[in-house]
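As C-alpha cells, the structure follows; a few thoughts come after it.
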Amino acid sequence: FAAEQSSLSLMVPHEQLARAAGLNQMIQGVNMVVAPPLGALLLELFALHGMMAIDVVTALIAIGLVFIIAIPQPPSSTPAHERLSILADLRTGLRYIWHWPGLFLALCLSSLLNFLLNPAFSLLPILVTKHFHGEAFQFATLNTTLGLGFMVGGVLLGVWGGFKRRIYTTVAGVAGMSIGTLLIALAPADSYWMAVAGIAIFGILNPIANGPFMAIMQSVVAPEMQGRFFTVLNTMSQGMAPLGLLLAGPVADAFGVQIWFLIGSIGLLVIGGIFFFTPSVRRLEAHRVQNASATI
C-alpha cells in the first residue's frame, strides 16, 4: 500500500491524482464483484493446488511489471547508515507527522473512520441473518451491491475529478457515506431493500471520499517522506479495525447489530464536520501551492 501510493504521486501529475485514485477504487470494486464467483469457478476446475499455482503466476507477472515500468525515485533525506533501519524510518515518519498539526489530525480522523466502519461491515452477516432473517443470497446481494457501488463511484471520480478544492469532495463523500450507513441502521426487519439502497449509496460515495483524500496526502507530503507517511497511515488505520471489533461485539450483543451502524453514521458526520471546519485540515492543499511557488 505505502509503496503503491508513494510511487503513484511520482508518476501522475498532481492535478490528475484524484482521477487516478478514482480509477484505482473502480478496480477494487471490480475485484469485489468478480473475484468471488471467479474464484469459486477456478476452484472447481483446478482444485486447491491449481489455485495456488495461479496465485504464484499472477504474483510473478506483477513483480515483472515493476521491473519493466520506470518509477522515479526521490532523493533520500535519511543518512546512509540509517536507511536499512525500519525503526529509524518509523521515527522519522512519526516526527514528520507530529510536527504538522493538520496532517496529524487528518491521520487521526482517517484512523477513527476505520475504527467505526470496519466493525460495522464485519457485522453484516449477523445483520442479514438475525435482523433481516436472510440467507446467503441476501448477504451476497449486499456484498455485490457494495462492489458495484465502488465501481460506479470510482468511474464517477475518474471522469469528474472532484471539486477544485479536493477536501470539499472528501467532505461531500463522507456526508454521503453517513446517509448510506444511516439507512442501514434504520432499516426495519421487513425493509431489506432499504439496507441495499443504503449500502449502494455508501459504496458509490466511498471512492468520492477516499480518492481525493489520498490525492491530498500525495500532493502535500514531501516525496521522500511519502513511503514513511503511508506506512504510518496504513498501520494506524488497520490497527483500529481489531480495536473496533473488540468494542463492537459487546455493543452489538447488548443493543443489536444496527446500533453500530448508527454510531458509524453519527461518527462520519462528526468527522466530516471536523474536516470542513478545522482550518489546519481544510487548508492542507495550500501547502502544495506554497511549496510549488517556492521552487519556481
Side-chain angles (χ1 to χ4, degrees), residues 1-78 83-84 86 89-90 93 110 114 143-144 146-162 166 203 206-235 237-238 288:
F1 171 83
E4 174 194 351
Q5 297 299 328
S6 55
S7 298
L8 195 64
S9 66
L10 297 171
M11 302 171 67
V12 177
H14 281 240
E15 64 273 10
Q16 300 297 333
L17 282 171
R19 286 190 169 92
L23 295 175
N24 191 25
Q25 295 282 313
M26 181 200 68
I27 293 172
Q28 292 184 32
V30 172
N31 287 337
M32 292 172 67
V33 174
V34 175
L38 181 61
L41 175 62
L42 292 175
L43 191 59
E44 287 291 328
L45 295 175
F46 300 110
L48 182 59
H49 60 276
M51 293 290 291
M52 295 178 68
I54 292 174
D55 192 33
V56 172
V57 170
T58 52
L60 290 175
I61 293 173
I63 294 170
L65 289 174
V66 173
F67 282 105
I68 295 172
I69 300 172
I71 301 176
Q73 298 297 312
S76 176
S77 59
T78 306
R83 288 179 188 171
L84 296 180
I86 297 176
D89 277 351
L90 184 61
S110 174
N114 279 273
N143 276 333
T144 302
L146 181 63
L148 290 172
F150 268 66
M151 292 170 58
V152 172
V155 171
L156 178 61
L157 182 62
V159 173
W160 169 40
R166 291 169 180 159
N206 186 284
I208 303 299
N210 192 48
F213 176 78
M214 298 306 298
I216 292 171
M217 299 299 104
Q218 291 167 328
S219 297
V220 302
V221 176
E224 67 273 15
M225 296 300 301
Q226 287 197 15
R228 299 177 180 92
F229 170 78
F230 284 114
T231 298
V232 174
L233 173 63
N234 190 51
T235 300
S237 297
Q238 296 302 318
R288 182 182 68 85

Q) Side chain of R19, backbone of L157: donor and acceptor closer than 3.5 Å? A) no
Q | Intermediate values then yes/no, side-chain contact (heavy atoms from CB on, under 4.5 Å), L23 and I27 | A | CA-CA 6 Å; L23 295 175; I27 293 172; 5.5 Å; no
Working to the nearest 0.5 Å, report the span between [atom1] of [X] and [atom2] of [Y].
| X | Y | atom1 | atom2 | value |
| --- | --- | --- | --- | --- |
| Q226 | T231 | CD | OG1 | 11.0 Å |
| L233 | Q238 | CG | CD | 9.0 Å |
| R166 | M214 | CZ | CE | 12.0 Å |
| N210 | Q28 | CG | CD | 7.5 Å |

Q) Where do F150 and P207 come nearest, in terms of heavy atoms and distance? A)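 In terms of heavy atoms, the two residues are closest at O-CG, 3.6 Å.
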Q) Looking only at heavy atoms, what is the nearest atom pair of V30 and M151, with distance? A) N-CG, 3.4 Å
Just list the side-chain donor-acceptor pairs under 3.5 Å for residues 52-70, sequence neighbours left out, or say none.
residue	atom	partner	partner atom	Å
T58	OG1	I54	O	2.9
T58	OG1	D55	O	2.9

